[in-house]
Q: 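Got a structure for you, written out below as structure tokens; questions coming shortly.
Position 1 is the first residue of the sequence, and the numbers go up from there.
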Amino acid sequence: IVASARVAVRGPQSLTLAADPTVLVTGSPARVVATIDGDGSSRAATASLHGPFSSAAAAHCGGAAAGTVSMPVLGDGAYASPSVTPSAGGYYVWRVAVDGTDTSVPTALCGAVVRVRGRSTVGVAAPATAARFDVVSARVTLAGLPFGGPVDVTTSLYGPYGTASEACTGNHRDVVQRRPGNGTFTSLSFQVEEPGWYAWRVSAPEGELWLGSASTCGAVGTLTQVP
């Protein structure tokens, strides 16, 4: 008597990942495209987005995920995941895990880095009045930098003008301060020699992980009157 049995041998699956897109702004959707090659049968995959991290080199798939989604895998090929929307700036990295089948072992891969840019904000609070020849400064607020700076913040003083409604046109003077990150600080000073209205404006340039921003010139609290 000869006995025989069939034993299923489970083979490996191959998996590659591509972030789509690779750069985005907070509040925008991110997804990953997973290219899967196995035995061709139906199975499921799970994609998780991990972060934020301060650099691409620091990104890893340990710890909690910023978002996790699932998708069906109907056969071998490329599959785009449902989207995840990062709420903070920084670097993120995708991890995809594909279920096994009767003839293929499960597989997972961590890769496909995404750069998410935050939205910086700046504001300025100016003294309401000053005397001729006073040396004046303003309070500046910087926020929205995901992992700090440094960043060069420019404070501009426009004027003088005959009326407040004329503010923010024509010549202005600038001072630049390098800041380590988010916070409130006092600007460098200007001397106001002529009577009239002066308008303050603050701006911050874009960085690797944030968009640039500028305060609204002429807004309430940003004008100084010199009688």
Side-chain angles (χ1 to χ4, degrees), residues 4-121 142-151 180-182 204 206-213:
S4 63
R6 293 184 177 181
V7 178
V9 177
R10 302 176 78 192
Q13 301 184 74
S14 67
L15 175 61
T16 59
L17 306 179
D20 178 32
T22 57
V23 181
L24 58 113
V25 178
T26 52
S28 300
R31 66 177 188 171
V32 63
V33 178
T35 301
I36 304 165
D37 186 17
D39 63 8
S41 59
S42 296
R43 51 223 190 263
T46 301
S48 53
L49 184 63
H50 296 261
F53 300 95
S54 61
S55 68
H60 61 83
C61 292
T68 300
V69 292
S70 298
M71 54 186 173
V73 177
L74 304 179
D76 296 340
Y79 292 86
S81 72
S83 63
V84 172
T85 303
S87 60
Y91 285 93
Y92 293 76
V93 63
W94 284 102
R95 181 183 186 273
V96 173
V98 182
D99 291 347
T101 68
D102 291 341
T103 58
S104 63
V105 296
T107 189
L109 182 63
C110 178
V113 172
V114 183
R115 178 163 61 100
V116 179
R117 305 178 74 191
R119 302 176 187 271
S120 71
T121 60
L142 171 65
L145 306 187
F147 290 92
V151 59
N182 300 317
E206 67 177 7
E208 186 177 5
L209 291 178
W210 65 85
L211 300 178
S213 59

Q: Would you list the atom pairs, donor with acceptor, under 3.5 Å between side chains in residues 52-62 and any protein atom, with sequence neighbours excluded?
A:
{"residue": "S55", "atom": "OG", "partner": "A58", "partner atom": "N", "Å": "3.2"}
{"residue": "H60", "atom": "ND1", "partner": "G62", "partner atom": "N", "Å": "2.9"}

Q: Using a 3.5 Å distance criterion without hydrogens, assess whether the side chain of Q13 forms a donor-acceptor pair with backbone atoms of D39.
A: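 No.
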Q: Kindly give the heavy-atom pair with the smallest separation between S70 and T46, and that separation in Å.
A: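 Shortest heavy-atom contact: OG-OG1, 3.8 Å.
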Q: For residues T85 and P29, report the shortest heavy-atom separation together with the two atoms involved.
A: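 Of all heavy-atom pairs spanning T85 and P29, the closest is OG1-CA, 4.0 Å.
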Q: Side-chain contact test, heavy atoms from C-beta onward, threshold under 4.5 Å: evaluate it for P86 versus L24 and give yes or no.
A: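 Side-chain contact under 4.5 Å: yes.
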Q: Measure across T35 and A78 and return the closest heavy-atom pair with its distance rounded to 0.1 Å.
A: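 What the structure gives for the nearest pair is OG1-CB, 3.8 Å.
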Q: Passes side chain to side chain contact (heavy atoms under 4.5 Å, CB included), V151 versus W210? Steps please.
A: CA-CA 11 Å; V151 59; W210 65 85; 4.0 Å; yes
Q: Looking at every heavy atom in both M71 and P82, which two are closest together, and how far apart are they?
A: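 Where M71 meets P82 most closely, the heavy atoms are CB-CD, 4.1 Å.
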Q: Please round to the nearest 0.5 Å and tell me the distance separating atom CZ of R95 and atom SG of C110.
A: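 One finds 7.5 Å between CZ of R95 and SG of C110.
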Q: Taking 4.0 angstrom as the limit, do R43 and D102 come out as a salt bridge?
A: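 Salt bridge flag = no for D102 with R43.
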Q: Measure across A34 and L17 and return the closest heavy-atom pair with its distance rounded to 0.1 Å.
A: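 In terms of heavy atoms, the two residues are closest at CB-CD2, 3.9 Å.
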Q: Under a 4.5 Å cut-off applied to non-hydrogen side-chain atoms, are V96 and L109 in contact?
A: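 Not touching, per the 4.5 Å side-chain cut-off.
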Q: Rounded to the nearest 0.5 Å, what separates atom CG in L142 from atom OG1 in T121?
A: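 One gets 7.0 Å once the value is rounded to the nearest 0.5 Å.
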Q: Give the minimum heavy-atom separation between A19 and V114, together with the two atoms involved.
A: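 Closest pair (atom of A19, atom of V114, distance): CB-CG2, 3.6 Å.
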Q: For the atom pair OG1 (T16) and CG (D37), what is the distance rounded to the nearest 0.5 Å?
A: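 If we round to the nearest 0.5 Å, T16:OG1 and D37:CG are 9.5 Å apart.
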Q: Given the rule in the side chain to side chain contact (heavy atoms under 4.5 Å, CB included) test, do E208 and F147 qualify, once you have shown the distances and angles that lead to the verdict?
A: CA-CA 10 Å; E208 186 177 5; F147 290 92; over 6 Å; no
Q: Any side-chain to backbone donor/acceptor pair from S28 onto V25? Under 3.5 Å, distance only.
A: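 Between the backbone of V25 and the side chain of S28 there is a qualifying donor-acceptor contact (under 3.5 Å).
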Q: For side chain to side chain contact (heavy atoms under 4.5 Å, CB included), just list the numbers for Y91 and R115, CA-CA rounded to whole Å, side-chain angles, deciding distance to a tenth of an Å, and then say yes or no.
A: CA-CA 5 Å; Y91 285 93; R115 178 163 61 100; 3.3 Å; yes
Q: With no hydrogens and no angle check, is any side-chain donor or acceptor of S120 less than 3.5 Å from a backbone partner on L211?
A: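 Yes; judged by distance alone, with no hydrogens or angles, the pair exists.
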Q: May I have the step-by-step check of side chain to side chain contact (heavy atoms under 4.5 Å, CB included) for D20 and W94, ending in yes or no?
A: CA-CA 11 Å; D20 178 32; W94 284 102; over 6 Å; no
Q: Are the side chain of R117 and the backbone of G207 linked by a donor-acceptor contact shorter than 3.5 Å?
A: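 It does hold such a pair.
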Q: Has S81 got a side-chain atom pairing as donor or acceptor with V32's backbone, closer than 3.5 angstrom?
A: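 A pair under 3.5 Å: yes.
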